[in-house]
Engineer: 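Before I ask anything, here is the structure I am working with.
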Amino acid sequence: MFAQIIVDVPTMQTNQPYTYAIPDKFVAVVEAGMRVVVPFGKGSRQVQGFVVGLQDDYHGEVDLKEITDVVDVAPVLNAEMLELADWVARENFAFKISVLQAMLPNVMRAKYVKTVQLRDPALLETDAMLRDFFTDRFEVPLDDNHVTPEVLTALHKYARLGQVAINYQVGNRAKIKLVTAVKPILSAEKYDEIRQGLRPTAKKQARLLTYLMTASPNWIAQKEIIDATAVDYTTLKKAETNGWIQKGEIEQYRLPKLTSAITATEPLPLTEQQAHVFTTLSENLTDDAKSQTYLLEGVTGSGKTEVYLQAMATVLAQGKTALMLVPEITLTPQMVRRVKSRFGEAVAVLHSALSDGERYDEWRRIERGEARVVVGARSAIFAPLQDIGLIILDEEHDASYKQEENPRYHARDVALWRASYHRATVVLGSATPSLESRAHAQQGQYTLLRLTQRVQTQPLPPVSLVDMRESIKSGSDDLFSNELLEALRQRLARGEQSVLMLNRRGYANYVSCRDCGFTPTCVNCDLALTMHKVTNSLICHYCGYQEPIPKTCPNCGSQRIRPFGAGTQKVEAMLKEYLPTARVLRMDQDTTRKKGATDGMLEAFGNHEADILLGTQMIAKGLDFPDITLVGVLNADTTLALPDYRAAERTFQLLTQVSGRAGRADKPGEVIVQTYNPEHYALRFAQTHDYEGFYQYEMAIRKEWQYSPYYYTIQLKVLHESQTESARVAYEIADWLKPYLDLQTVMLGPSAGSVARLNNKYVYRIVIKYRQSAKLFEALDELMQAGQRLQRQKVTLLIDRDPVNFV
DNA sequence: AGCACGCCGACT
DNA sequence: GTCGGCGTGCTC
């Protein structure tokens, strides 16, 4: 027997299965999808690998090595996942091993331990350095980072001479938590009999026996018994020696705790629109023969979640499973509680805040079929569910569904693949669908469903745009217009809550005219130019165009053209000044870094412990408090000026989302948006809550400028410590690629990255816009091979397909 | 990633 | 003459 194995060596040349012989003792054990340990390379270093196939015979030239060890007792990846891994790797120019690892909980990734073994003790006599290194041991762990280069060279020298040996071991970090458990082994009658015979003072023993009488004859965690009966450890020990019970160990899941108990809820009655959507979905939910994707375009408050829950219930009733993805920041306890209250124990939750152990346990609950509903962020799309009936992507437009590091998969694509494999239903839900998805619906690939009315039929809040140019002229400062301050004061007086969003995004600086709102844009791309202080220039991060920073505004001649940007801390301080009595809760990266901080703050706000919630974009999503009657957006323009062709789309989505936060209960809400570009179409359409209008308008622009969804994009990034070197390689690649591009393919750049230096590496990039992929992808595959050689020269080449942002 | 092979310069 | 620098190819 022979096994095809993908080894844990993430390089292009090793991105293929290697054949290994299966020793007799493992023949009956090894299956595809298991992790194994194999010798690899000249020194037969032990590495982890995944069995991706088995075969009975082998006719190749090479004499095969044998599998050293089998890590798993059962496959951790089934046939579906192995096939999916191949596809994800191919589509995203990623290594197979990286994809396989991304599919599994972190703890299942191999941990390598390097040790040095002293073979020739005589060395210690002659070499004082080695004496210090080995002290009194014969084998010591070797961590390259904690050993001086001198010692390292010496060790390598002795290793060549065979006087020391460098060993590689593969460790397993996945720890199953075991707890001491107790099992009743006698009948209830017998326990009763013993209890009757106890001395009257033996109260603890009596309590234990009473408990055992009614206990099921299964393993019970010791802690559970102690908690229930208030006996102590010695009582149980005695019970064991008396032969009343058996002691042992059982596996225990590390279940992430919720702060309060969950009460079961029933499906809510559906509105007419919801019912219509649900009925349409049901056609495919109950159809085992084909997969169908629905785009659910529903305004905030239209009750998408209730439709999701009932659709999930439908597939569960058929014995199938359901998967629901939400953006990480939306995955709040509130959200989890809502799903758990409907499906109870059947729900597993996967998100980044879990510890490695918790995540591993949730994964196993799913893998064993104990959890049939999964709620999670991006990576939960790889949840080991079987027989999936429904996959939901809520807030489907959200950029966090695309992984920004290798493997750079998009959860939406994976969802569609898995759904097609299981002939399952996909629901993409959003108040503001991505243009790509909306266009797919237009073309009929997706079925478009709409929820246009809010459940409680309250209207969407009126949105007013405050022209900051005017406001500043009339004496207000550039952070708070008089209109916004007045509105805040009103809410404060009425005891109502407000949300303020400072739409600060990243650190990209741009310049804008304080008098006319003009922001210099690229002549080729219609994108805002980014300010580079070092070179004193404005640069287009898309195509590389640059011009000097203007001293006066090219539009109105004003001298007040300057860099833009303000932080939450400054805003908080200003608020204190203007509204000294207001209790302000600030939510941003700084205040929410600690685990659980976000939940605590949202709870505090829900309990009216603050009047104003001030935050960055994170507050736009998913928070749902009835008493918010005012939403203020301090500077709507920052996302607009991002060097990204999706800037308008992002801005529209964000404004629409944050507007939906105002006035959800019986109180009407109001939204005030401060801007220097009140005439911009993204703001205009957001003002009237007109998604369809925005869609039509933006599509025309995308068509004209040849952007997605009319063209696909690929972004190549070249990184190197030296700017000239990364530029040189980028140009070399661009020249090499040119002959492979067809007439409909456009190459932009190379240009300097928007953050010119990242982790001390200079970034150059090339953007390719294309419609036909076959030839281009062949070229890129070849480029991947070349990328390996570049790696030697410390040049990193990244290939990002359909990048979601260019910053 | 890590190891060997091989070709160049600077030393015992 | 050899030790060791790192550029290149290969790992079942």
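Since we're looking at a predicted model, the values are computed, not measured. Throughout, protein chains are lettered first and strands after them, A, B, ... in sequence-line order, and every chain is numbered starting at 1.
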Engineer: How long is the line joining OH of A:Tyr18 and C1' of B:dA1, in whole Å?
Structural biologist: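 Taking atom C1' of B:dA1 as the reference, OH of A:Tyr18 is at 12 Å.
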Engineer: Is a side-chain donor-acceptor pair under 3.5 Å present for A:Gln169 with A:Gln46?
Structural biologist: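 Judged by distance alone, the side chains do not pair up.
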Engineer: Which is true for A:Phe40 with a 4.0 Å heavy-atom rule: it touches a base, it touches only sugar-phosphate, or it touches nothing?
Structural biologist: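 It contacts base atoms.
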Engineer: Check the interface with nucleotides 6-10 of chain C: list each N/O to N/O pair with the protein under 3.5 Å, or write none.
Structural biologist:
from	atom 1	to	atom 2	distance (Å)
C:dG9	N7	A:Arg792	NH1	3.3
C:dG9	O6	A:Arg792	NH1	3.0
C:dG9	O6	A:Arg792	NH2	3.1
C:dC10	N4	A:Arg792	NH2	3.1

Engineer: Relative to A:Tyr360, does A:Arg364 satisfy both conditions: NZ or CZ under 6.0 angstrom from the six-membered ring centre, and within 45 degrees of the ring's axis?
Structural biologist: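 So A:Arg364 does make the cation-pi contact.
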Engineer: How many Å lie between CD on A:Gln16 and C1' on C:dC12, as a whole number?
Structural biologist: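 Whole-Å distance recorded here is 9 Å.
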Engineer: For the side chain of A:Val62, starting at C-beta, report the closest nucleotide among B:dA1, B:dG2, C:dC12.
Structural biologist: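 Minimum distance to the A:Val62 side chain belongs to C:dC12.
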Engineer: Could you give the CD1-to-P distance, from A:Ile97 to B:dG2, as a whole number of Å?
Structural biologist: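 To the nearest whole Å, that distance equals 15 Å.
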Engineer: Calculate the interatomic distance between A:Asp57 atom CG and C:dC12 atom C1'; express it in whole Å.
Structural biologist: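 These atoms are roughly 16 Å apart.
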Engineer: Closer than 4.0 angstrom, basic N to acidic O: yes or no for A:Arg359 and A:Asp356?
Structural biologist: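 No, A:Arg359 and A:Asp356 are not salt-bridged.
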Engineer: Check the distance between C:dG4's P and A:Leu155's CG and give it to me in whole angstrom.
Structural biologist: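 Whole-Å distance recorded here is 14 Å.
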Engineer: Send over the distance from A:Asp63 CG to C:dT11 C1', rounded to a whole Å.
Structural biologist: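 A:Asp63 atom CG is separated from C:dT11 atom C1' by 13 Å.
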Engineer: Parallel, tilted or perpendicular: which describes the rings of A:Phe382 and A:Tyr409, with under 30° parallel and over 60° perpendicular?
Structural biologist: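 Correct class here is perpendicular.
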Engineer: Could you state the atom-to-atom distance from NZ of A:Lys794 to P of B:dA1 in whole Å?
Structural biologist: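 Going from A:Lys794 (NZ) to B:dA1 (P), I get 11 Å.
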Engineer: Check the distance between C:dC12's C1' and A:Gln55's CD and give it to me in whole angstrom.
Structural biologist: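 Distance, rounded to whole Å: 11 Å.
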Engineer: Give a yes or no on whether A:Gln772 atom CD has more than 12 heavy-atom contacts from other residues, nucleotides or ligands under 6.0 Å away.
Structural biologist: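 No.
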Engineer: Can a side chain N or O of A:Tyr168 be found less than 4.0 Å away from OP1 or OP2 on B:dC3?
Structural biologist: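 Result: yes.
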Engineer: A quick test of your reading: do over 12 heavy atoms of other residues, nucleotides or ligands sit less than 6.0 Å from OH of A:Tyr712?
Structural biologist: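 Atom OH in A:Tyr712 is not crowded, with 12 or fewer foreign heavy atoms closer than 6.0 Å.
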Engineer: For the ring pair A:Phe40 and A:Tyr18, is the centre-to-centre distance below 6.0 Å?
Structural biologist: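 They qualify: ring centres under 6.0 Å apart.
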